Asker: 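Right, I'll just put the structure down here and ask away after.
Here the structure is a predicted model, which is why all the values come from computation and not from measurement.
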Amino acid sequence: MKRSRKKVSPVKPALDVEGALRDLFINQPKLWLREARERLRDLPKSNFDLACRFAKQGKWFDAVFRFRVVLFLRPDYPHAQYNLGGCYVRMGRPAEAKAALLKALRQTPNDPDVAFMLASIDPAALPAEQRPKEMPEGMVTGFFGNIAEGYDVTEAGNKYQAGKVIHAFAQPLLTAPAPVIEDWACGSGIAARPWRAAAARIHGVDVTPAMAALAQAATHVEKQLYEEVSVADIRALPDGMAGGKADLVLLINAAQFIGDLSAVMRAAAAALRAGGLFILTAEPIRAADGYGLVVETGRFGHAASYVQQVAVAAGLTLEKEATVELYAGVPAQAFAFRKGNH
């Protein structure tokens, strides 16, 4: 019996070789290049995310290295220069921080966060007309949102004594036996607590939701500390909020995060009844007048003459001024302004 012999077509092997060669020299290199491009495209973002993670952990050297990698790969990567400058600030390297922030400002000339950070290092780095007049709201809410948990414990450790100090300063000036009180930038309510026993009503306002939540939950002398707490920017309060009804408006340990006090003074005057008091504290500044960022603190300082000037423009009259210590050993200025006659 003869064995059958199948005829092998010469076409199939030729096609197989051609396919193998195409995979080897065309398809696989294309795939590799595409994957390489994807990896290169992701490198700036992955390094940026890693740098931010290191920064949150306080690992400043690691964060700086990763931000520099990002900027090597992509010099215009959003926020990398700004964050690099912030890391240098935290590391106590102002010259490098300033250089990074100047580059960031050239990339995003209208970014208020960049301008504020740069001015807090060297106000002269910006023309007078471009220097910040306020701390950006996102910076305020971000900072206080991050420290809200455990805030009272932290402030106790810092020997914060604003509540009793301001109560002693202002209470003799108050004429209403059961005052209606507005506590602005209230935080967790430290400044309001000494007033709780006598107050008819205390309304708290804070721009940071996490801090407002602390205030809403706070109690004192077996009472709810605040009858109501609102989340709002005191520079732009909603129409009708406590309009003309307050006996006392408090703005304690907050002016340094605001800067220009004109809008706050007008809001306080609108909130007070005739004869009511506006009590605020401010950190000093070396300038004879005006206000500005203090390099040593990165916050706004206010000259007493400036505070009085904007108060008068709002219809408020200086009743009392004193140097106080909101934190033990740290001087601040306290002001009491009265609306009209009483």
Asker: Check whether Arg131 reaches the backbone of Pro123 with its side chain - one donor and one acceptor, N or O, closer than 3.5 Å.
Answerer: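 Looks like yes, one N/O pair under 3.5 Å.
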Asker: Quick check on side chain to side chain contact (heavy atoms under 4.5 Å, CB included): which of Ile252, Leu251, Asn253, Ile258 does Leu280 satisfy it with?
Answerer: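 Answer to the side chain to side chain contact (heavy atoms under 4.5 Å, CB included) test with Leu280 among Ile252, Leu251, Asn253, Ile258: Leu251.
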Asker: Identify the heavy atoms of Leu277 and Ala170 that sit nearest to each other, and give their distance.
Answerer: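 Minimum heavy-atom contact is CD1-O, 4.3 Å.
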Asker: Backbone N or O of Gly259 within a donor-acceptor pair of the His302 side chain at under 3.5 Å?
Answerer: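 Pair found, side chain donor or acceptor close to backbone of Gly259.
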Asker: Measure up the Tyr77 and Phe48 rings against each other and bin them: parallel (under 30°), tilted (30 to 60°), perpendicular (over 60°).
Answerer: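 The arrangement is tilted - the two ring planes meet at 30° to 60°.
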Asker: Enumerate the salt bridge (charged side-chain N to carboxylate O under 4.0 Å, His left out) contacts for residues 98-108, please, sequence neighbours excluded, ordered by first and then second residue.
Answerer: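 Checked against salt bridge (charged side-chain N to carboxylate O under 4.0 Å, His left out) - neighbours excluded - the pairs reaching residues 98-108 are Lys98-Asp122.
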Asker: Any ring pair (Phe, Tyr, Trp, His ring centres under 6.0 Å) involving residues 83-110? Give me the pairs, sequence neighbours left out, ordered by first then second residue.
Answerer: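 Passing the test, one end in residues 83-110: no pairs.
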Asker: Stepwise, does the side chain to side chain contact (heavy atoms under 4.5 Å, CB included) test hold for Asn83 with Cys52?
Answerer: CA-CA 8 Å; Asn83 287 354; Cys52 291; 3.9 Å; yes
Asker: Taking the basic N atoms (NZ, or NE/NH1/NH2) and the acidic carboxylate oxygens, is any pair closer than 4.0 Å for Arg338 and Glu319?
Answerer: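 Judged by the 4.0 Å cut-off on N to carboxylate O distance, Arg338 and Glu319 do form a salt bridge.
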Asker: With the threshold set at 4.0 Å, does a side-chain nitrogen-carboxylate oxygen contact exist between Asp49 and Lys45?
Answerer: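 Looking at Lys45 together with Asp49, the answer is yes, because their closest N to O distance falls below 4.0 Å.
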Asker: Sequence neighbours excluded, which residues qualify as side chain to side chain contact (heavy atoms under 4.5 Å, CB included) partners of Glu149?
Answerer: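 Expected list: none.
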Asker: May I ask whether Leu50 and Trp60 are part of the same hydrophobic cluster, defined by side-chain heavy atoms of I, L, V, M, F, W, Y residues being less than 4.5 angstrom apart, directly or through others?
Answerer: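 No.
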